[in-house]
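Scroll down for the structure; my scribbles are underneath it.
Along the sequence shown, residues are numbered consecutively beginning with 1.
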Amino acid sequence: FITHDVGLLKPYKLRRDQIAFVAKDKRGCSTLSTLVEYKGVRNDASYDKEYMLGAFGAVPMVGNMESVVAKSLENES
């Protein structure tokens with residue numbers, strides 16, 4: 001399933017191979033990577049804290065959604 005609930009990023013709730021992150025590049029292409037692919041992440045780490053600090057490459061907060069949508073529409077023209 002897909003969720004945006006950071007509270008599920010706990011080692012006692014999901015295994016590292018069950019957690020995936022999606023990151024989009026400037027062209028809008030998405031890249032999917034699982035937590036297993038990140039070296040040096042301990043099995044008992046606080047995945048949620050590390051994610052919110054940007055440790056896994058995916059962006060935890062989009063910011064001003066209106067500007068993100070406007071910029072996306074400009075790039076399509």
Is there a side-chain contact between L35 and D17 in this structure, where contact means two heavy atoms from C-beta onward sitting under 4.5 Å apart?
no
Count I, L, V, M, F, W, Y as connected when their side-chain heavy atoms are under 4.5 Å apart, and connections chain through other members. Are Y51 and V36 then in the same cluster?
no
Got a sec, which residues hit salt bridge (Lys or Arg N to Asp or Glu O under 4.0 Å) with D44, two or more places apart in sequence or on another chain?
R42
Under 3.5 Å, which donor-acceptor pairs link side chains of residues 21-32 to any protein atom two or more places apart or in another chain?
unit_1 : atom_1 : unit_2 : atom_2 : d
D25    : OD1    : R27    : N      : 3.0
D25    : OD1    : G28    : N      : 3.0
D25    : OD1    : C29    : N      : 2.9

To the nearest 0.5 Å, atom CG of L14 lies from atom CG of L9 at 7.5 Å
What is the minimum heavy-atom distance between K13 and G7, and which atoms define it?
NZ-O, 3.6 Å
Spatial distance of atom CG (N43) from atom CZ (R15) [nearest 0.5 Å]
11.5 Å
Pairwise side-chain contact, K10 with Y47, heavy-atom cut-off 4.5 Å (strictly under)
no
Does the R16 side chain pair with the main chain of Y38, one donor and one acceptor, at a distance under 3.5 Å?
no
